[in-house]
Protein chains: 2
Amino acid sequence: MQTIQSDSYPIFFENSIQELVKFVERGNYSRLFILTDENTGEFCLPAIQTALAHLDKTDIIEVNAGEESKNIDFCVGIWKMLIDFGADRKALMINVGGGVITDMGGFVASTYKRGIDFVQVPTTLSAQVDASVGGKTGVDLDGVKNIIGTFTQPKAVFMDVDFLKTLPPRQILSGLAEMLKHGLIVDSAYWDDLKNSDLTLPSVELVHRSVEIKNEVVIEDPHEKGIRKALNLGHTIGHAVETYSLMNDDNHLTHGEAIAIGMICEAWLANKKTGLPDADLQEITDVLSSLYPHYQLKEETFDILLQHMQNDKKNENGNINCTLLTRIGQYSIDNVCTPAEICDSLRYYAAL
Amino acid sequence: MQTIQSDSYPIFFENSIQELVKFVERGNYSRLFILTDENTGEFCLPAIQTALAHLDKTDIIEVNAGEESKNIDFCVGIWKMLIDFGADRKALMINVGGGVITDMGGFVASTYKRGIDFVQVPTTLSAQVDASVGGKTGVDLDGVKNIIGTFTQPKAVFMDVDFLKTLPPRQILSGLAEMLKHGLIVDSAYWDDLKNSDLTLPSVELVHRSVEIKNEVVIEDPHEKGIRKALNLGHTIGHAVETYSLMNDDNHLTHGEAIAIGMICEAWLANKKTGLPDADLQEITDVLSSLYPHYQLKEETFDILLQHMQNDKKNENGNINCTLLTRIGQYSIDNVCTPAEICDSLRYYAAL
């Protein structure tokens, strides 16, 4: 599978651990710091450690798994460890894990001593198809997702569908939501491919196409001024539902489950506002409803959800902006939706 | 006095409050957040508030004055206030104060929602001649100065020597150390001008020349790979002394006082290692000793000072690097100094 060249760095899909070793050997790094969590530590990490052992300059920094770790307190902990380890500007951070690790590790590296090099080794499907491209780093604060962060590119990304074999099905489904989104916004043939595939473990070809789509969009618009907003499909409403669930549910929604809800609601809005055909709305609703479990959205939570949307960094001047489809494979950005319209779309989902 | 064009933004020296108002009116900002401390709040702030009052979209965020405020906890406080105020990506931060405010405000702005616009209104001499140019933002962690930060340029800098009139003489002297440094590294005529001037309140011409020198150096080397290291003169040893004093003295050294000590020690090293003539060493020692009070450097603290130097983000692979003069007005970068040499230079200062 071909290496994809992003903005300024390569994304490897095969022989990733060997490629990582080659990269590290070429770079004149003073030390290597692997940031990981206890889940990844168990599976992927040993292979990487073994492959880097001959260099004898690797330290491991492990944090708790889960979105709860993605905050400034953990960043402070990691920064302090880097200070204690004597990490200088020629140190390299290797972020091995899901989106929490790659987003937070990228942020820590981009701000330690005003920026050290980092590479990403995404080990979940979401991190592979979403977090690995685009240069977004960040952590949550006060329950607001990714509110603190930078735009900083990694020096390379190393992924492998083999990393996904030990993942629980629910985590695969979470990443799949981003892949379905990539089809919906720009490639109806890819959407059809996905619909008709066995999605319990997506093929390297499907993952590759998803990264390719995201990369094309991001390269055209690195700072999210225009077409990159296409990637926000499902995220205006989805992020709010995710934030709510994270704060209120014991067994909270995954990112992908929340985005799938967002895509259904926003398909309903698109049908009302940007001419998405009835058949497309029905198809999107059917495909997503069959893949993802239904979540109970209660009327009395709508106000809180609207508040989260207004706090979203995607929105300006208090308006709620949505990326909406005009048909499957075509989008329209910056559609201001009123609170009443948003609530109606939530009711559409709730009544399914 | 002419406006200096830095990398991507203008630096104003006259009519600065009017220029700030013009800038803000042109920019289509959703809200304005003035970050300031209680000292600046008393003097400069009222004039700025009055000048911006007609726009009716300004909020004030005030932090405690002093280096002790320049840490992640205060950043978290400011980020949370921005969230609470509903600041979106079109908000502008106006940092009004000394280096603590401009460095920390720059960092907060450069990481809030992955970066919002900010401008600097430096109200101390140090901030005018040092912090206003170069795009360095940052805060301290665990007593390590500026260890967390980014390289991000402000959209404009507005300064005025009138802002300095209410400053205590010790603060003027602190900024003066950076101006003397600018002369020492690249402009012996400017060094002579400074020596022969009344320095209780430096003229706008002297401030302007200092900003011009720093700007030329920084534009040539924005990411501190080569000649920008010239600006580290006095800082390898000076930063360590400053960190020590900050952690141990009730009435701790100012940044400039510490840098002056560093410049004397490093002049001694230059005399030993890079051929700085005896007469130049004597002149530097005399001028700096006459301007700055003597500080007691005790032999038993040398180990701690060396440790701070090894932690300094300027240093790599455990070596201590100094920028050293070859004569007044000429420098040489990346001179590795041994711990023994550093200790001897500290003894030279201690025996003055």
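In what follows, every chain begins at residue 1, and chains take the letters A, B, ... in the order their sequences are listed.
- Interface residue B/I72: only side-chain heavy atoms are found under 4.5 Å from chain A.
- Most heavy-atom pairs under 4.5 Å with chain B, from the set A/V76, A/T137, A/T152: that is A/T137.
- With a threshold of 4.5 angstrom between heavy atoms, A/S110 approaches chain B through N, CA, C or O but not through any side-chain atom.
- Every residue two or more places apart in sequence or in another chain was checked for a ring pair (Phe, Tyr, Trp, His ring centres under 6.0 Å) with A/F302, and none qualifies.
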**OP:** Show your reasoning for whether side-chain hydrogen bond (donor to acceptor under 3.5 Å, both in side chains) applies to A/T102 and A/N95.
**Re:** CA-CA 5 Å; A/T102 57; A/N95 303 314; over 6 Å; no
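- Listed by chain and residue number, A/T274, A/L324, A/S332 satisfy the side-chain contact (heavy atoms from CB on, under 4.5 Å) test with A/N335 (two or more places apart in sequence, or in another chain).
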**OP:** Carefully, step by step, assess A/E242 and A/H235 under the rule side-chain hydrogen bond (donor to acceptor under 3.5 Å, both in side chains).
**Re:** CA-CA 9 Å; A/E242 184 181 10; A/H235 280 62; over 6 Å; no
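- Interface residue A/L141: backbone and side-chain heavy atoms are both found under 4.5 Å from chain B.
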